[in-house]
Amino acid sequence: ALYNGASHMGLEDMGILQNIPNLTLIEPCDTVQLASVLHQVKDTYGLHYIRMNRKNANTVYEEGTEFQIGKGLVLKEGGDVTIIASGIMVELSLKAAELLEAEGIHATVIDMFTWKPLDEELVLAYAEKTGAIVTAENHRIATGLGSAVANLLSEHQMVPLGRTGVGNVYGEVGVLPYLLERFEMRPEDIAQKAKHRAQVRREVFELDNELKRLKKTAVQIRRDIIEATSHGKGGGIHVGPALSSVDLVTALYFKIMTVNPENPEWMQRDRFILSKGHAYAVWYSALAEKGFFPREELLTMRAINSRLQGH
């Protein structure tokens, strides 16, 4: 259908048929897979829709390879991102994985030749393993394989997701290389999307670790405030105002501000002005946690001759 244009390009078929109950949707990637599927379908009761090329089929599998309808196949293992593809996009996704490998990004490639029922167990397993997924399909992404994967992930395993396929445009006349470039479905396009999602995954992972670190620090500061109140030598510490400011002061001193405990008078340091006088205990506790003075000194807060006085 390369030279027949939009009227001969079935870019919506699988999406429309997704809505029919008990219908099995299959898109083989080569003749070997097609032969195996046909042998299974002829002996299986029910309605099956098989989507295939008109000609010039790719060769991905060796003769005699068997497949199970409803189960995806892992063609390449990697730990950084997962590419889930079907049909002609399987071979292109394997080439995309080679491009990623050259950049040190290790991609898993899955042939999801059965769209419905989707192999949910496999999708969720690799969402957990790699933390990022890209789909690749010769179909509109709004209602295709990517949307089926997105629906699943939205309910069970939210990870960065990218979808490669045809957007909200009609098909065009042209040779395959032109069409793949026109609709951004080349191996380079798949690889770029996968690279970006892998980067997002790393950023999310780093942010998660940063939040865990800040939460741990905030917990320690709260403990120090309570300890100074319960067992300190001073008296009259305003606990409520201090505790209510812990998260803010933790973020400032342990993420945002530039300070140097070894050189407190450093001219290039950021300045912090505490206008909430009753919250002085949180400031002292943050300084101790940062290393400006020993934590034990917090027990002298508001004591006579202590340098840690109140407002």
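Residues: numbered from 1 along the sequence shown. No hydrogens, no waters, no symmetry mates; every other heavy atom, side chains included, goes into these values.
- Contact of the I84 side chain with the I133 side chain is registered, since non-hydrogen atoms from C-beta on lie closer than 4.5 Å.
- With E137 contributing its side chain and G165 its backbone, the two residues share no donor-acceptor pair below 3.5 Å.
- Here the CG-OG1 distance, from L161 to T82, works out to 11.0 Å after rounding to the nearest 0.5 Å.
- Using a 4.0 Å cut-off between charged nitrogen and carboxylate oxygen, K212 and D208 count as a salt-bridge pair.
- Residues Y280 and L308 form no side-chain contact, since every pair of their non-hydrogen atoms from C-beta on lies 4.5 Å or further apart.
- Contact detail for K116 and L17: the closest heavy-atom pair is NZ-O, 4.3 Å.
- Between the side chain of R269 and the main chain of W266, a donor-acceptor pair closer than 3.5 Å is present.
- Side-chain contact between V32 and F67 is present, with at least one heavy-atom pair separated by less than 4.5 Å.
- Between the side chains of T250 and T217, no donor-acceptor pair is found at a separation under 3.5 Å.
- Taking each heavy atom of E210 and F254 in turn, the nearest pair found is OE2-O, 4.2 Å.
- Here I16 contributes atom CD1 and T143 contributes atom OG1; the two are 7.5 Å apart, rounded to the nearest 0.5 Å.
- Within a 6.0 Å radius of CG in N209, other residues, nucleotides and ligands contribute more than 12 heavy atoms.
- In this structure, D119 contributes its side chain and G72 its backbone to a donor-acceptor pair below 3.5 Å.
- Under the 3.5 Å distance criterion, with hydrogens and angles disregarded, no donor-acceptor pair is assigned to the side chains of K129 and T108.
- Using a 4.5 Å cut-off on side-chain heavy atoms (C-beta onward), Y49 and Q18 make no contact.
- Note: the hydrophobic cluster containing M185 also contains L11 (ILVMFWY, side chain heavy atoms under 4.5 Å, direct or indirect links).
- Linking ILVMFWY side-chain heavy atoms closer than 4.5 Å, directly or via other members, places Y126 and V134 in two distinct hydrophobic clusters.
- A continuous path of hydrophobic side-chain contacts links L298 to V282 [ILVMFWY only; heavy atoms under 4.5 Å].
- Using a 4.5 Å heavy-atom threshold, the side chains of L145 and L118 count as touching.
- Listed here is the closest heavy atom pair of P261 and V259: CD-O, 3.9 Å.
- A donor-acceptor contact closer than 3.5 angstrom is absent between the side chains of Q192 and E188.
- With hydrogens and angles ignored, the 3.5 Å screen pairs no side-chain donor or acceptor of E91 with any backbone N or O of C29.
- Panel note: side chain R302, backbone Q309; no donor-acceptor pair is recorded below 3.5 Å.
- Evaluation of the side-chain hydrogen bond (donor to acceptor under 3.5 Å, both in side chains) test over residues 147-169, restricted to residues two or more places apart or in two chains, returns E128-Q157.
- In this structure, T65 contributes its side chain and Y61 its backbone to no donor-acceptor pair below 3.5 Å.
- Looking at heavy atoms from C-beta onward, L47 lies out of side-chain contact with T24 at the 4.5 angstrom threshold.
- Taken together through direct or relayed side-chain contacts under 4.5 Å among Ile, Leu, Val, Met, Phe, Trp and Tyr, L73 and V60 form part of one hydrophobic cluster.
- Among residues at least two apart or in separate chains, side-chain hydrogen bond (donor to acceptor under 3.5 Å, both in side chains) pairs with a member in residues 283-292 are Y253-W283, E289-R295.
- Between L299 and A228, the closest heavy-atom pair is CD2-CA, 4.1 Å.
- Counting only distance, with no hydrogens or angles, the side chain of H48 and the backbone of L25 share no donor-acceptor pair below 3.5 Å.
- For the 3.5 Å distance criterion, the side chains of N138 and E27 fail to qualify, holding no donor opposite an acceptor.
- Within the model, atoms OG1 of T31 and CG of N53 stand 10.5 Å from one another, a figure rounded to the nearest 0.5 Å.
- Checking side-chain atoms of R140 against main-chain N and O of V166 turns up no donor-acceptor pair under 3.5 Å.
- Interatomic distance, F113 CZ to L34 CG, rounded to the nearest 0.5 Å: 11.0 Å.
- Smallest separation of non-hydrogen atoms from L179 and E172: CD2-O, 3.5 Å.
- Residue R213 places its CZ atom among more than 12 non-hydrogen atoms of other residues, nucleotides or ligands, all under 6.0 Å distant.
- Note: S230 OG to R223 CZ = 13.5 Å, rounded to the nearest 0.5 Å.
- Using a cutoff of 4.0 Å between basic side-chain nitrogens and carboxylate oxygens, R201 and D80 are scored as salt-bridged.
- Of the possible polar contacts, one joining the S245 side chain to the P241 backbone as a donor-acceptor pair under 3.5 Å is found.
- Hydrophobic clustering (ILVMFWY, side-chain heavy atoms < 4.5 Å, transitive): V249 and L214 are in one cluster.
- Counting heavy atoms from C-beta on, the side chains of V159 and L153 come closer than 4.5 Å.
- Looking at T114, its side chain never comes within 3.5 Å of a backbone N or O of I26 through a donor-acceptor pair.
- One finds the CD atom of E227 at 9.5 Å from the CD atom of Q220 (value rounded to the nearest 0.5 Å).
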Output side-chain donor-acceptor pairs under 3.5 Å for residues 92-104, partner residues at least two apart or in another chain, one line each.
{"from": "S93", "atom 1": "OG", "to": "M89", "atom 2": "O", "distance (Å)": "2.7"}
{"from": "E101", "atom 1": "OE1", "to": "K76", "atom 2": "NZ", "distance (Å)": "3.0"}
{"from": "E101", "atom 1": "OE2", "to": "H106", "atom 2": "ND1", "distance (Å)": "2.6"}
{"from": "E103", "atom 1": "OE1", "to": "K195", "atom 2": "NZ", "distance (Å)": "2.7"}

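- When all heavy atoms of H139 and G144 are compared, the closest pair comes out as ND1-CA, 3.6 Å.
- Side-chain contact between I110 and L75 is absent, with no heavy atoms from C-beta onward closer than 4.5 Å.
- Within 6.0 Å of atom CZ in F272, more than 12 heavy atoms from other residues, nucleotides or ligands are found, so the atom counts as buried in its surroundings.
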